[in-house]
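Just so you know, residue 1 is the first one in the sequence shown, and it goes up from there.
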Amino acid sequence: MKRVVVGLSGGVDSSVAAYLLKEQGYEVIGLFMKNWHDDSVTISNECPWLEDSNDALLVAEKLGIPFQTVDLSEQYKEKIVDYMFNEYEKGRTPNPDVLCNREIKFDVFMKIAMSLGADYVATGHYCRKGTIEKEGKEVYQLLAGKDGNKDQSYFLCQLSQDQLSKALFPIGELTKPEVREIASKLDLITAEKKDSQGLCFIGKVRLPEFLQQKLQPKEGVIIEIPAEAEIYHQEQPQFNSEEEAFAFEARRIDYLKVPGKVMGKHQGAHYFTKGQRKGLNVGGTKEPLFIIETDVEKNIVYTGQGNQHPGLFKKALFIANDEIHWIREDLALKEGEKMEVMARIRYRQPLQKATLHQFKEGIYVVFENPQSAITEGQFVAWHHDDEVLGSGVIA
């Protein structure tokens with residue numbers, strides 16, 4: 001009998017995942033991960049992890065499976081929280097959920113599971129795993145979940161073959177309503193529970209307040225760049241190579257020399273991210289202001305009016321070699337090769353037509369249509385049909 005450790009989060013998805021595994025004849029152990037307990041930053045008096053671990057315990061009791069809690073807050077702080085602060089300080093916007101899966105759930109947590117004699121680790125993610133044979137070897141595929149509305153394969157885009165080999169995604173074939181229905185039939189306490197929002201670890205914390213503990217506020221200006229600015233309407237220079245042309249498309253525009261208008265003040269450029277609309281507290285413009293760029297060194301936030309402002313759009317992005325991750329190692333590009341893919345630069349974005357070009361220093365992802373708010377530090381994931389082939393951190 002194969003043994004599976006399920007990460008019970010106290011939510012409905014992992015509850016039903018545990019139930020399905022039991023039905024399929026696995027020996028199931030429920031494990032709750034405590035990732036965060038600095039109560040100085042939870043906003044309300046509700047302590048989400050206590051409530052969640054309690055719900056997880058009740059689910060385990062109902063399903064008749066052994067249950068325990070593991071405290072991973074130290075590894076969490078080191079691998080996720082510190083990384084986030086570093087990224088924000090550099091003016092990049094990290095994605096803690098993708099990292100949490102790679103570094104915590106399918107690494108630290110997986111090692112604990114294996115030490116308990118588990119064959120697999122299971123989570124309540126809406127995605128599926130496929131297995132194909134290639135040159136006599138088993139190759140694992142990460143596939144989109146059946147529920148197009150809830151597909152979470154993007155959050156797992158950094159998993160490796162080794163991690164996938166030991167992973168199970170029991171609810172990947174189901175839709176969210178079906179999952180809730182199973183939970184109701186079983187009368188699980190989590191059946192009606194709302195989906196958790198926000199970062200996968202801080203519970204009910206607002207990001208700027210979380211960041212303010214480490215990153216000191218410092219006042220700077222908000223500048224509006226007009227859509228008619230010359231920089232958007234210049235003729236393209238002549239390029240000697242594809243690589244030069246892509247680099248031009250992917251470049252960061254330097255707005256220091258572009259005439260703009262001071263619109264107000266902010267408390268620190270590192271609290272803001274590209275494409276953001278809320279939190280600027282600047283009124284009086286015809287259309288809402290969107291952030292088109294942040295300059296952390298000079299502490300300036302650049303904005304433009306409306307979600308069609310040319311400063312928001314780019315056709316290409318770059319991933320440095322050490323930030324490229326192929327789930328399908330067998331398909332990895334060699335220098336000079338290219339591949340047509342469907343890609344997304346954020347969770348829930350519809351897949352976009354793109355071509356990957358591998359050069360000596362890294363990959364350019366060149367989109368058929370310009371993309372809004374391509375954000376440094378976020379992950380771009382690329383697909384063939386419903387399979388995620390790889391991903392990388394936007395440089």
Side-chain angles (χ1 to χ4, degrees), residues 36 38 40-44 46 48 80-100 194-227 229 252-253 255-256 258 260-314 345-349 371-379 394:
W36 186 253
D38 178 349
S40 63
V41 289
T42 30
I43 284 179
S44 53
E46 312 167 50
I80 310 292
V81 180
D82 293 350
Y83 168 87
M84 283 178 67
F85 283 130
N86 284 335
E87 287 285 280
Y88 275 107
E89 240 165 356
K90 289 183 202 148
R92 299 188 0 159
T93 308
N95 188 318
D97 296 306
V98 173
L99 272 159
C100 179
K194 286 220 305 278
D195 288 353
S196 63
Q197 286 305 320
L199 299 175
C200 67
F201 61 98
I202 319 181
K204 306 180 165 66
V205 146
R206 287 194 281 275
L207 197 60
E209 290 158 36
F210 175 63
L211 292 173
Q212 265 159 11
Q213 303 168 65
K214 278 269 174 54
L215 307 176
Q216 290 309 309
K218 60 175 185 199
E219 193 167 85
V221 289
I222 298 170
I223 291 180
E224 183 194 338
I225 302 289
R252 243 184 110 105
I253 294 179
Y255 287 106
L256 264 182
V258 180
K261 180 175 159 200
V262 174
M263 300 300 288
K265 293 200 164 71
H266 61 78
Q267 290 308 306
H270 43 249
Y271 298 140
F272 294 95
T273 180
K274 246 189 258 187
Q276 184 177 330
R277 191 183 98 183
K278 298 191 168 71
L280 281 167
N281 301 326
V282 174
T285 53
K286 198 167 139 212
E287 285 195 78
L289 288 180
F290 285 80
I291 294 177
I292 56 175
E293 192 64 82
T294 59
D295 181 338
V296 177
E297 277 173 27
K298 304 248 181 332
N299 200 27
I300 303 172
V301 171
Y302 293 100
T303 61
Q305 281 193 45
N307 59 4
Q308 294 305 306
H309 189 281
L312 282 169
F313 291 89
K314 277 186 196 174
I345 54 170
R346 59 181 71 88
Y347 174 52
R348 293 193 78 97
Q349 182 195 25
Q371 299 296 308
S372 176
I374 292 177
T375 307
E376 289 112 40
Q378 291 276 313
F379 290 89
I394 300 170

Nearest heavy-atom neighbours spanning [X] and [Y]:
| X | Y | answer |
| --- | --- | --- |
| Y88 | H270 | O-CB, 3.2 Å |
| Y83 | P94 | CE2-CB, 3.8 Å |
| E224 | T285 | OE1-CG2, 4.0 Å |
| G260 | P226 | CA-CD, 4.5 Å |
| L312 | G275 | CD2-CA, 4.0 Å |
| P96 | I80 | CB-CG2, 4.2 Å |

Could you state the interatomic distance from [atom1] ([X]) to [atom2] ([Y]), rounded to the nearest 0.5 Å?
| X | Y | atom1 | atom2 | value |
| --- | --- | --- | --- | --- |
| S372 | Q349 | OG | CD | 9.0 Å |
| T375 | K314 | OG1 | NZ | 9.0 Å |
| T93 | E87 | OG1 | CD | 8.5 Å |
| M263 | I222 | CE | CD1 | 8.5 Å |
| L256 | Y302 | CG | OH | 4.0 Å |
| K265 | N299 | NZ | CG | 12.0 Å |

Donor-acceptor pair, side chain of [X] and main chain of [Y], under 3.5 angstrom:
| X | Y | answer |
| --- | --- | --- |
| H309 | I225 | yes |
| T303 | F290 | no |
| Q305 | E287 | yes |

Is there a side-chain contact between [X] and [Y], using heavy atoms and a 4.5 Å cut-off?
| X | Y | result |
| --- | --- | --- |
| Y255 | I300 | no |
| I292 | I253 | no |
| K218 | Q267 | no |
| L215 | E89 | yes |

If you count heavy atoms of other groups shown closer than 6.0 angstrom to CD of E219, is the number above 12?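 It does: E219 CD has more than 12 such atoms within range.
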For K90, does the NZ atom have more than 12 heavy-atom neighbours from other residues, nucleotides or ligands under 6.0 Å away?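 Yes, because the 6.0 Å sphere around NZ of K90 holds more than 12 heavy atoms from other groups.
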With Y347 via side-chain hydrogen bond (donor to acceptor under 3.5 Å, both in side chains) - residues at least two apart: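 Y347 satisfies side-chain hydrogen bond (donor to acceptor under 3.5 Å, both in side chains) with no other residue.
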Mutual orientation of the aromatic rings belonging to F272 and H266 [parallel < 30°, tilted 30-60°, perpendicular > 60°]: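 Judged by the thresholds at 30° and 60°, the geometry between F272 and H266 is perpendicular.
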